[in-house]
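Values below: every heavy atom of this structure, side chains too, minus hydrogens, waters and symmetry copies.
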Amino acid sequence: MTATIDARPSRRRGWLRAPKFLLAIPSFIWYVFLFVIPVALVVVNSFGRKIANVPGKVDLGSPNFDRYHEVLSGSFKTLLKQTMFTSLLGTVLCLIISLPVAYFLAFKVGPKAKTAVLALLMVPFFANFLLRTLAWRIVLQPSGFVSNFLQSGHWFTFGQALRSSPLQILDTRSAVQIAIVYNYLPLMIFPLWVALDRVELHLREASKDLGANRVRTFLQVTLPLAGPGIVAGLILVFVPLSGDYVTAALLGGAKGNMIGAEVANQYFKAQDAASGSAIAVSLIISILLVLGVLAACFLFGSKLVKRSRSVKVVL
Amino acid sequence: MTRQSDTTRILISKQAAQRLADSISRRRFLALGGGVAAAAALAACGSSGGGGSTSTSPGGTTAPGGAVDKKLNLYTWAEYDDPDLLKAWGDISLTIFDSNEQAVQKLVTGGGSSGFDMVVPTGPYVPQLAKAGLLEEIDKTKIPNFSNLDSRYTNQPWDLGNKYSVCKNWGTTGWFYDSTVVKTEIKTWSDFIKAAQTEASGQTTVLDAPPDLCGIYFWANGIDWTTEKTEDLDACEKFLVNDFASHIKAFNSYPGVDLTSGSFALSQVFIGDARAGLLGVQEAGEDVSRYKWGIGAPMTELWMDNWCVLKGAKNRDAAYDFINFVLEPANSVKDLNYHGYNTGIVGIEDLAGDIDFKDMVFYTSAAQLATMQSGAVNSAQDRIVKIYSNVKAKAGG
């Protein structure tokens, strides 16, 4: 967005006209001390090496890329790929589930009911993130109620059991995938809802008046207008999801590990801040790369669409 | 104890803990948490700089007149101290860690100003903490009940003369399995490996602790598990990565309750955790004989968690007073009943009376003790963690 603020002569008194950057100082300090410096330290540490038997210290005597070689050769690379796959799939699933919900919320629900629906979406947040994730262990365990339900016959499945053996989904990547979508869903629904809610009714009506059907209106008017909100939602879900390790640690078992857990592992088990930092930096770079590729695809795609739709007017 | 992250350790206020305890029993809560790596890490985030405790009152030095002001900040494992016993002594605020390495990391980065009075590390980590200048030399004249400890559990190789530590309790490592899946009896670590590769393949868990994971190979093959020899470590890595990793379902330090709920068929366990699993089965009125357990053989681990006083502790005398208090047999037995591990007090076995699964708490014959060996934090530590990381990656791939 390129909004410029006009320089109307201020009617305020002179002493109040402090330089504008002063207002930015609190957030500037915040970012420097709590973001820039810590991340810079992590980056610096990633070039060092662990000092044997001295926990938490990094030897920066001869900075090198050895830690990155370790990360990119061998086990971490597989884990990084799996993490990226889980995150991308999780983000796409969130989008697919959230879009109808947000659409429903923005256009189909009356103002009173809207409050109720929003409240329902918010309520799970009152429970601790950890407990919500732990709850999946109860839901998915082989002797749990879901498993029992699937193994018993019901009238709506004509008395047939849907499964003959207990559900073996806990401690697998599927369990992580399910819980990750569950945990991050609201982060997708809310930006989508806000974006769709901002789409002016007049524009949708105009589209209808000009002969577009519902599908066309959605695809060519509503969706493009909500574009920025969708992108925000995608980033909001994808970035924290890639770094998530709680879900994987609780539900993933050996098969569903995520790279975030490996960072924690390096810091807390290996007491190796150098390797932990290198993995963390690799994760940041991977996320940026994936986002970059996605942004490029998005731009290229929208350009193609625009070109295909452009109408040549010959006079 | 080389417990690692897989556990339900949540740092919450005492009031909240009480409420939680009221609504769900301890076992039920464990059932919720089967494998929890992040719980404590998350909790730890909430308690920056080692605060996060419920007691806010500072100080607590010796009160005038020589009486000790009974206030302590204790840094320990979750579910490890009987709240009633703590209350009986005085005002103790607990802060929880979930692995020795994490505790060490936090204390070292806190530089001694972390505000804790006491920490409860596992034996091999005591030298690391002492070397970093974090531990106070214990003044045993202030702990007369020290003599109540069985001499088998004092003067350990990692802290000769109990200069820095006093035994809280100790335990060992073995296996726990569902005999409807694993039909061949497991008698040694070799049997354990064979069962994991065949009957229980894909349903086996190992402790989420690098030394214990490597221990499976070393114990099975008669190699000292504190080995620093490169060829031993190479062979261990080769075996675990190529022939063992793919059979692992989870890295879980507290699989006992999950195993009895059907999630796993075979687990490497701390014996007390297997006992917790069995107690649950018993409580539910189900058949206990379905689940079998055993202490590792021919060799296995002896881990010991210890009371240590931190350098610069504000409540040092209170700490001594508290250690003395828990070493009182009548109190020690309450502690034992709570966590199910031997507290090493002379005569504790008789005092404990007829508790459930008593053989899972007391395994003190000379023959049994001879098979248990304490771990060590030595030059192989980095390599062992690397092996563990590689096994983990292979298991996930």
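Interface remark: A/Leu170 contributes backbone and side-chain atoms alike to the contact with chain B (heavy atom separation under 4.5 Å). For B/Lys386, the part sitting under 4.5 Å from any heavy atom of chain A is the side chain, from C-beta outward, and nothing else. Looking at B/Thr204, there are no atoms closer than 4.5 Å to chain A (heavy atoms on both sides), in backbone or side chain. For A/Asp171, the parts sitting under 4.5 Å from any heavy atom of chain B are the backbone and the side chain alike.
The distance from atom CG of B/Asn100 to atom CD of A/Gln271, rounded to the nearest 0.5 Å, is 9.0 Å.
Of all the heavy atoms in B/Ser263 and A/Gln168, the pair that sits closest is O-OE1, 4.3 Å. The heavy-atom pair separating B/Ala395 from A/Lys255 by the smallest distance is O-NZ, 3.1 Å. Across every non-hydrogen atom of B/Gly396 and A/Gln82, the tightest pair is O-NE2, 3.2 Å.
Within a 6.0 Å radius of CZ in A/Phe35, no more than 12 heavy atoms belonging to other residues, nucleotides or ligands are found.
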(message) side chain to side chain contact (heavy atoms under 4.5 Å, CB included), that's the test. Do A/Gln266 and B/Ser389 meet it? Break it down for me.
(response) CA-CA 9 Å; A/Gln266 290 298 324; B/Ser389 292; 3.7 Å; yes
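With sequence neighbours left out, A/Arg173 forms a salt bridge (Lys or Arg N to Asp or Glu O under 4.0 Å) with no residue at all.
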Output side-chain donor-acceptor pairs under 3.5 Å for residues 275-282 of chain A, partner residues at least two apart or in another chain, one line each.
| from | atom 1 | to | atom 2 | distance (Å) |
| --- | --- | --- | --- | --- |
| A/Ser275 | OG | A/Asp272 | OD2 | 2.8 |
| A/Ser277 | OG | A/Tyr267 | OH | 3.0 |
| A/Ser277 | OG | A/Ala273 | O | 2.6 |
| A/Ser282 | OG | A/Ala278 | O | 2.7 |

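Here A/Asn265 is the residue among A/Asn257, A/Leu79, A/Leu167, A/Asn265 with the most heavy-atom pairs under 4.5 Å with chain B.
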